[in-house]
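Whatever order the structure lists ligands and atoms in, that order sets their numbers, starting from 1.
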Amino acid sequence: MTARIISIDREPEAALAAAVDALGQGAAIAIPTETVYGLAADATRADAINRIYETKGRPRFNPLICHMADLAMARMHARFDPVSERLAEAFWPGPLTLILPLLPESPIHDLASAGLDTVGIRVPQGFAGQLIRAFGRPLAAPSANTSGAISPTSAEHVAEDLGPKIPLILDGGASGVGVESTIVKVEADGRLRLLRPGGIAAAEIERVAGHPLERLEKAGAAIEAPGMLASHYAPDAGMRLNAAFPLEGEAYLAFGPGKVEGLEKARFTFNLSPEGDCAEAASHLFAAMKRADRSGARVIAVAPIPAQGLGEAINDRLERAAAPKPQET
Ligand code: TXA
Ligand code: MG
């Protein structure tokens, strides 16, 4: 199998028809979202969800986000309290995933929720939303990459990694946000817990919610969001974070307008945002990590990135990329 690639800009109708057809057959296909490309399949079908896990080599205890066309569709699958309603209305469609109680009558398959009594739900922007509306059922979709690898932000990234394993890739160009959605768990007592920083800054969510998000201890995160911890987004090269300048032969990812000493020693350099804008840096992050990795450098050194705004998600992804890989621990 080699994936057929259809551009949604050039052939939107053909793309929609091919995607609905493939999903109806239980296939897992790659679709663009505003965060990263997703590997999508019918969230109500065991065979379809199994294809996602098999294609990615993903452990089955790690639940999948279920993507909905809109809030009305989401209400058919999960219970919303006033706080989750408010967050959904403020940020959907957009890069926010809410972990909510799964309704017993929801046809979302146990394999998608990994048997939990909660479900991760988000309403994506753009073509993905249109596709879900046309298909009529929620789509389970993790990022469209081999488990543990860097998430794809272009159709080319997906094709290189999963092209031989899937029938269809919809090409929507570069993902605008560039890091995955922010995941928030709404507890029964109204507390909000940040399970994964992402495409919406925590401060924006706190502003709408009217109270602070609880951060997880890194050690507790493994239990709360299985698959969230340890090595993830791992390039082949080692990572060196908060590096003010590159050492001989390293790849160097710069940030901001400052002059970097010894840049000529680097084998590869790229500035994630010459203006020092975290949203711009997020949109370039994964593609830059892939290019740096391909440069053949043994180490990718990365400039300090501020922790504010989308910087929290960037630092989170960089720390995971720097964590020891499973076979090394
Ligand atoms: O932006 C995104 O969120 C992308 C695009 C494709 O939508 N998707 C994505 O999915 O990043 P994935 O599978 O790579 O990450 C989903 C995370 C996993 O770490 C999983 O453990 C967590 O969400 N998750 C899903 N359902 C959960 C639940 N019921 N409780 C706790 N964590 C959950
Ligand atoms: Mg992922």
Side-chain angles (χ1 to χ4, degrees), residues 28-41 43 49 52-53 55-68 77-79 91-102 106 108-129 131-132 138-153 157-158 161-162 170 172 175-187 193-200 216 220-234 282-283 286 310 313 316-317 320-321:
I29 64 170
I31 62 168
T33 84
E34 76 278 33
T35 57
V36 299
Y37 277 67
L39 184 64
I49 299 160
I52 294 179
Y53 285 110
T55 306
K56 284 183 62 85
R58 177 178 177 114
R60 280 183 172 63
F61 57 77
N62 189 4
L64 305 172
I65 295 173
C66 295
H67 297 68
M68 307 283 167
H77 301 279
R79 196 167 64 238
F91 297 111
W92 284 352
L96 173 68
T97 295
L98 294 173
I99 308 293
L100 300 168
L102 180 62
S106 163
I108 288 174
H109 200 277
D110 272 355
L111 276 171
S113 58
L116 301 173
D117 54 8
T118 55
V119 61
I121 292 190
R122 102 173 176 93
V123 175
Q125 286 168 3
F127 191 82
L131 172 60
I132 299 162
L139 295 182
S143 51
N145 54 277
T146 300
S147 189
I150 298 169
S151 296
T153 51
H157 292 166
V158 180
D161 182 7
L162 302 181
L170 299 187
S175 309
V177 176
V179 290
E180 298 84 348
S181 59
T182 304
I183 304 183
V184 172
K185 185 167 186 191
V186 184
E187 301 287 359
R193 312 175 69 191
L194 181 66
L195 299 194
R196 176 176 76 183
I200 295 180
L216 294 175
I223 306 146
E224 279 297 331
M228 277 304 304
L229 210 71
S231 170
H232 218 83
Y233 311 95
S283 75
F286 291 149
L310 292 205
D316 172 83
R317 304 307 186 268
R320 287 176 208 287

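Using a distance-only test at 3.5 Å, with no hydrogens or angles considered, a donor-acceptor pair links the side chain of H67 to the main chain of L139. Judged by distance alone, with hydrogens and angles left aside, the side-chain atoms of T97 form no donor-acceptor pair with the main-chain N or O of S181 at under 3.5 Å. Side chain of T33 to main chain of T35: a donor-acceptor pair is present (N/O by atom type, distance under 3.5 Å, no hydrogens or angles). A donor-acceptor contact shorter than 3.5 Å links the side chain of R58 to the backbone of P63.
For the Mg ion (ligand 2), the neighbouring protein N/O/S atoms at less than 2.8 Å, given as residue and atom, are S143 OG.
Closest of all the heavy-atom pairs between G199 and T182 is N-OG1, 3.3 Å. For the pair S113 and L102, the tightest heavy-atom approach, listed with the atom from each and the gap, is OG-CD2, 4.2 Å. Smallest separation of non-hydrogen atoms from L162 and N145: CD1-N, 3.8 Å. The shortest non-hydrogen separation linking Q125 to P93 is NE2-O, 3.2 Å.
Distances from ligand 1 to the non-hydrogen atoms of P95 include no value under 4.0 Å. Look at A141 and you'll find a heavy atom under 4.0 Å from some atom of ligand 1.
The closest side-chain heavy-atom distance from L98 to F91 is not below 4.5 Å.
Only the side chain of T35 comes within contact range of ligand 1, with a heavy atom under 4.0 Å; no backbone atom does. When heavy-atom distances to ligand 1 are checked against a 4.0 Å cut-off, R58 comes that close only through its side chain, counted from C-beta outward.
Those atoms of ligand 1 with a heavy atom of G38 less than 4.0 angstrom away are 6 (C). Counting atoms of ligand 1 from 1 in the listed order, those under 4.0 Å from a heavy atom of T118 are 28 (C), 29 (N), 30 (N). Ligand 1 places these atoms under 4.0 Å from at least one heavy atom of L116: 28 (C), 29 (N), 30 (N). Per-residue contacts place N62 under 4.0 angstrom from the following atoms of ligand 1 (heavy atoms of the residue considered): 18 (C), 19 (O), 20 (C), 21 (O).
Distances from atom 7 (O) of ligand 1 to the heavy atoms of H67, R196, E180 put H67 nearest. Among S143, P63, S181, the residue whose heavy atom lies closest to atom 9 (C) of ligand 1 is S143.
One finds no salt bridge joining R122 and E180 here, because no Lys/Arg side-chain nitrogen approaches an Asp/Glu carboxylate oxygen to under 4.0 Å.
Residue R122 has at least one nitrogen or oxygen atom sitting less than 3.5 Å from a nitrogen or oxygen atom of ligand 1, judged on distance alone.
Evaluation of the ring pair (Phe, Tyr, Trp, His ring centres under 6.0 Å) rule for Y37 yields no partner, not counting sequence neighbours.
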